[in-house]
*Asks:* 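Below you will find the structure I want to go over with you.
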There are 2 protein chains.
Amino acid sequence: MKKGEQVTIHDIAKALGIDSSTVSRALNNSTRVSKTTKQKILDKATELGYQRNTLASNLRTNKTNTIGVIVPRISRNFFSSVISGIEETAQKAGYNVIICQSFEDFEKEQKLMETLLSNRVDGVLISISMQTETFDHLMPYLNHGGPIVFYDRPCYIENCSSISVDDYKASFMATEHLIENGCKNIVHFSGPQINPLYKNRKRGYVDALKKHGLNFNENYCLESKLSENDGIVFAKEIIKMGHIDGIYSSNDTAAIAAIQYLKSKGVNIPKDIAVVGFNNDPISSVIEPSLTTINQPDFEMGKTAASLLIQQIQDTSFKKTSKVLDVELIVRQSSQHKKV
Amino acid sequence: MKKGEQVTIHDIAKALGIDSSTVSRALNNSTRVSKTTKQKILDKATELGYQRNTLASNLRTNKTNTIGVIVPRISRNFFSSVISGIEETAQKAGYNVIICQSFEDFEKEQKLMETLLSNRVDGVLISISMQTETFDHLMPYLNHGGPIVFYDRPCYIENCSSISVDDYKASFMATEHLIENGCKNIVHFSGPQINPLYKNRKRGYVDALKKHGLNFNENYCLESKLSENDGIVFAKEIIKMGHIDGIYSSNDTAAIAAIQYLKSKGVNIPKDIAVVGFNNDPISSVIEPSLTTINQPDFEMGKTAASLLIQQIQDTSFKKTSKVLDVELIVRQSSQHKKV
DNA sequence: CTGTTAGCGCATTCAT
DNA sequence: ATGAATGCGCTAACAG
């Protein structure tokens, strides 16, 4: 950005023989400038190719009209939809959005929080990384008075709102759906149990089994560290067990890999083994059109999160809120296989 | 961001009885400050919870150490990989990255360019929207001396570097592959021909046919506007034509939909109809593991683009460069069906 | 090595 | 309705 080329409000002022403060007012649409001068200023501004220096403006006003979004990975369809929602709401309210990926890495997340703070974003939306277990890295930002709203992966921190889906209910519905379609031996693809999200999902699974008088077998809960290969490992395990007739997966990636592997071994989905998983990734429905899926309101979540954050930015007396969005079970095709 | 809470270099200076300029130097790791005072300053800074105000710093130095990235949609796997590449290279060079989505919308793209300019980003990486046909919206930024590098969708504008893949060659290879595997009637899923990218791909397709003595039939070139439903429409068309035995698709989304539809109608892929398409979207390989795909160096492209841009930022005498990356044909399984 | 001085571009209080 | 004056937080030239 070369320096000589910068047109400032002073240049406009000088060219018009008026003061820069008047120019500033005109550019900010103040009522305290006469219509005629305002028009002259606007004209001159475009004539000279003036472009506001947001940096200076932000420094002066101590706000940036920008919200920072920390997301584990934008490549996950669920998250990119959430971001779309965030952007829509933010834009309507006149806020810019800075998107940052943590890649599920705690250190990266720490650095990002620092950057966002030093860039003085007006608020932060964050879905914490899977590695994140402590929250000290959020404190500097919070102490500076910046609001944080958690989305998808809730955190129970003082004064921070959060927005998530009802994981327990989703799991319960999914498991119950399998049971109602005749499954008796249902495996659960789970995730790290340190994470409340996966804990809740497991609870939902267990409770649904209970409700229908099925035994909970700890071996049926296959815990993944969210790596790519888990699906194959799980699929092999299932084949070894022999009598599995249902899978409830709270892990897209693993489910996809597992289904592919099972199919390649001649297992018929859903006749032999019915599967219910989350479907915010379009892959899941593509790979197996019959798949029953749990639909998370991703776009909605983004909009809600942004709107909550913006409220809090604009009204400092805003009280913490926690919203839980409902999920929906999408049954594309009957999963009935009633082996019995 | 509350104001009272801001700790500035002056606070540190006052607490230590020294001048703020020394503090500034220490914080910027200048050599012109003694080790001992530097340490004292650093200690005091953390003690007081000092956080640099990047805004002020940027205003003063007239640079932001930030590069803006305009991307059509982050949800497309190709682009999110490119972004990962950009982020990696940028971070290593000490630059922050601002990601903005144009959603293939020209007006949105215009607004984003304005925002990036007024935020004084040091450089811009852009993959222009499919709607974009004029480039006036880039001029203000260029006139301010900001460098722009085009990625994936090249634009021939003075002084702007661009980086893309060899679309012509990719198409040629893909089509030839089909021919060599016995296809005689090959359809091409194409995109808007105003766009050089799709033009080049079509050329490659046509030339490969020519080389192998096959007639080019204009009806075999199915032009898509990149909407979701095109794939189904195309598939129906193919079935109607009756004798198609090969598809070269330069349009992921359409290809996936078409394959699914064809399969549902009992067409065997690749025995009846062989398909070659781009695979940066993992869906394509998931839906049909036998698919031969064109692999675009997405991550690489991001790294190259960022590195080009950063060079140009740091060395104003840097001359425009246009790089064309090579593609790779990945044959997962023989597509031979030699109907003949 | 450290202090002094002077702004970066803009917005705002206080005059007029 | 407009101008004058001040400073946001930081860096950099200059001086010592």
*Asks:* Please determine, for the side chain of B:Thr61, which listed nucleotide (C:dA11, D:dA12, D:dC14) has the closest atom?
*Replies:* D:dA12

*Asks:* For the pair made of NE2 in A:His10 and C1' in D:dA5, what is the distance, rounded to whole Å?
*Replies:* 11 Å

*Asks:* Quick check: does any side chain N or O of A:Asp43 sit under 3.5 Å from a backbone N or O of A:Lys40, one acting as donor and the other as acceptor?
*Replies:* no

*Asks:* Roughly how far, to the nearest 0.5 Å, is NZ of A:Lys108 from SG of A:Cys100?
*Replies:* 8.0 Å

*Asks:* Does A:Ile128 offer a backbone N or O that forms a donor-acceptor pair with the side chain of A:Thr132 under 3.5 Å?
*Replies:* no

*Asks:* Are any of the side-chain nitrogens in A:Lys44 or A:Glu47 under 4.0 Å away from the carboxylate oxygens of its partner?
*Replies:* yes

*Asks:* Which one, C:dC10, C:dT4, D:dG9, comes nearest to the side chain of B:Thr8?
*Replies:* D:dG9

*Asks:* Kindly point out which of D:dT2, D:dC10, C:dC1 is positioned nearest to the side chain of A:Ser34?
*Replies:* D:dT2

*Asks:* Answer yes when B:Arg153 and B:Glu104 have at least one side-chain N-carboxylate O distance shorter than 4.0 Å, and no when they do not.
*Replies:* yes

*Asks:* Considering only side-chain heavy atoms of A:Arg60, which listed nucleotide, D:dC10, C:dC14, C:dA11, is closest?
*Replies:* C:dA11

*Asks:* What's the angle between the local helix axes at either end of the helix from C:dC1-D:dG16 to C:dT16-D:dA1, using five pairs per end and rounding to 10 degrees?
*Replies:* 30°

*Asks:* Taking the minimum atom-to-atom distance to the side chain of B:Leu59, which one of C:dT4, C:dC8, D:dT2 wins?
*Replies:* C:dC8

*Asks:* Between D:dG3, D:dG9, D:dG7, spot the one nearest the side chain of A:Ile18, thanks.
*Replies:* D:dG3

*Asks:* In residues 36-55 of chain B, which ones come under 4.0 Å of DNA chain C, going by heavy atoms?
*Replies:* B:Thr37

*Asks:* Tell me which residues in residues 21-31 of chain A put a heavy atom below 4.0 Å from DNA chain C, sorted by number, or none.
*Replies:* A:Ser21, A:Ser24, A:Arg25, A:Asn28

